[in-house]
**Q** 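Questions regarding the structure given below will be posed in turn.
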Amino acid sequence: MKDSTSIGMNRTGSHMSPFDTDEMTDATATPSAPRTPGDDSALTRIRSAYTADADPVGSVPVPGTVKGAVTTGVSMVTGNNPQLLIDKLGERLAFERTGARLYDALIAKLDGLQESASSMTREDLEQIRDDEARHFSIVKSAIESIGGDPTAQTPCADVTGVESMGLVQVVTDPRTSLAQSLHAILIAEMTDNAGWELLITLAEDNGRHAMVSDFTAALNEERSHLMRVRKWFEEAILGTSVTAGTIDEVGTPAPLH
Ligand SMILES: [Fe+2]
Ligand SMILES: [Fe+2]
């Protein structure tokens with residue numbers, strides 16, 4: 001089994017070379033030492049200038065069907081914000097798809113390691129993976145129900161795709177341990193929970209009662225995912241099974257020490 005905390009020949013710290021480190025520190029402390037002109041304020045100014053001039057990340061697609069156009073128009077008249085709902089539905093769609101892929105990768109990792117320091121089983125992961133795929137379908141149907149195109153990438157879908165790239169990289173990296181992979185999955189599940197909560201609020205604001213009902217069921221499953229992943233992560237990092245009493249009813253784990 002991979003041990004994420006094994007001692008090895010790590011040479012990344014400056015303490016590996018005290019002589020060179022002292023020389024470097026002395027050089028920066030000497031007033032007469034050659035210095036590179038400028039500081040990071042120029043970088044900040046350039047970033048700010050680009051931000052002021054930049055276009056937004058994409059645009060929210062207008063529903064292409066007559067039904068969608070009418071629905072959007074009505075919502076606009078009533079003062080709701082259907083664009084925001086469509087944008088966030090696109091985000092959830094993208095993230096739930098990534099969620100299923102993350103669990104596919106975690107299943108492969110578990111198979112590869114052939115043993116686990118946590119009580120997590122392949123069947124547990126397959127069940128959550130199927131939940132994520134079903135959540136994807138729920139969001140797809142919700143987008144279609146308001147005449148939207150689920151194949152369109154909304155701005156927030158684009159952003160969340162970039163955000164989650166790191167998580168996929170961690171779990172699919174053959175060198176990462178189960179504990180390191182579960183930490184990435186934990187980030188995904190926390191984001192999942194917050195995402196569904198916001199989506200329920202937006203659906204309520206837009207009077208989409210069927211969505212509120214479907215999304216609430218999904219949120220309840222996400223809460224269960226989060227509680228289980230926290231437990232497995234804690235077990236994997238400590239190398240022991242965590243007893244039921246270690247995690248309270250709302251899923252808040254006890255301190256690791
Ligand atoms: Fe999910
Ligand atoms: Fe989840």
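In each ligand, atom 1 is the first atom listed, and ligand 1 is the first ligand listed. Everything numeric here is computed off the predicted structure, so don't read it as measured data. Just the heavy atoms: all of them, side chains too, but no hydrogens, waters or symmetry mates, feed the values below.
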**Q** Could you grab the angle centred on the Fe ion (ligand 2), going from OE2 in Glu189 to ND1 in His225, to 10°?
**A** 90°
**Q** Compute the angle centred on the Fe ion (ligand 1) spanning OE1 of Glu96 and OD2 of Asp192, and express it rounded to 10 degrees.
**A**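 That angle is 140°.
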**Q** Near the Fe ion (ligand 2), is there an N/O/S atom from Glu222 that is less than 2.8 Å away?
**A**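 Here the distance criterion (N, O or S atom, under 2.8 Å) is met by Glu222, so yes.
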**Q** With hydrophobic residues grouped by side-chain heavy-atom distances under 4.5 Å, do Leu198 and Val139 end up in a single group?
**A**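 They do share one cluster, since a chain of ILVMFWY contacts under 4.5 Å joins Leu198 to Val139.
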**Q** Given Val170, which of Thr176, Leu182, Ile187 fulfils the side-chain contact (heavy atoms from CB on, under 4.5 Å) condition?
**A**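 Among Thr176, Leu182, Ile187, the one meeting side-chain contact (heavy atoms from CB on, under 4.5 Å) with Val170 is Thr176.
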**Q** If you look at Glu132, which of its N/O/S atoms is nearest to the Fe ion (ligand 2)?
**A**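 Result: OE2.
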**Q** Considering only distance and modelled atom types, tabulate donor-acceptor pairs under 3.5 Å from the side chains of residues 46-58, sequence neighbours left out.
**A**
unit_1, atom_1, unit_2, atom_2, d
Ser48, OG, Thr44, O, 2.9
Thr51, OG1, Arg47, O, 2.8

**Q** Report the residue from Lys140, Arg97, Glu96 that forms a side-chain hydrogen bond (donor to acceptor under 3.5 Å, both in side chains) with His135.
**A**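 Exactly one option meets the side-chain hydrogen bond (donor to acceptor under 3.5 Å, both in side chains) with His135, and it is Glu96.
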